[in-house]
Amino acid sequence: MARARKTDPATSHLAASEGEASGRAHAQRQLCLAEVLKNPGKTAAEIAVATGLERHAPSRRLPELREAGLVRNGDARICSATGRLSITWFPAQ
């Protein structure tokens, strides 16, 4: 499920494959999903803080969960972790 864009370098495609093979991407998706279910309406950066994930991991995994029909985007608001306008995440309905 982890992916790289067609225009990304070969190293990005390799990293995506390794993340899936190692189970790391799956574990990150599970942490993100659990946090969205427990605390709906957080931004990706807030989810990173809450779960202890590297700050970019939720930004990669949440769209994968959305494609799987497990989460959806909410309205944008100012993120408490970054101070920037950011999309929020909610359980899929």
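Remember, predicted model here, so these are calculated numbers, not experimental data.
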| field | Arg55 bridged to Glu46 by N-O distance under 4.0 Å | value | no
| query | Does Thr88 use its side chain to pair, donor to acceptor, with the backbone of Ala76 at less than 3.5 Å? | reply |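 Not at all, since once roles are kept as given, no pair shorter than 3.5 Å links the two residues.
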| message | Taking Arg84's backbone N and O only, do any of them form a donor-acceptor pair with Ser86's side chain (distance below 3.5 Å, no angle check)? | response |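 Checked: pair present.
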How many angstroms lie between [atom1] in [X] and [atom2] in [Y], if you round to the nearest 0.5 Å?
X     : Y     : atom1 : atom2 : value
Glu64 : Leu70 : CD    : CG    : 11.5 Å
Arg66 : Arg72 : CZ    : CZ    : 12.0 Å
Ile87 : Asp75 : CD1   : CG    : 8.0 Å

Taking side chain as C-beta onward, heavy atoms only, is [X] less than 4.5 Å from [Y]?
X     : Y     : result
Trp89 : Glu35 : no
Glu54 : Arg60 : yes
Arg61 : Ile47 : no
Cys32 : Leu53 : yes
Val36 : Lys42 : no

Work out which heavy atom in [X] is nearest to a heavy atom in [Y]; give both atom names and the distance.
X     : Y     : answer
Ala45 : Thr82 : CB-CG2, 3.6 Å
Leu33 : Val71 : CD1-CG1, 3.8 Å
Ala92 : Gly69 : CB-O, 3.1 Å
Pro40 : Phe90 : CB-CD2, 3.6 Å

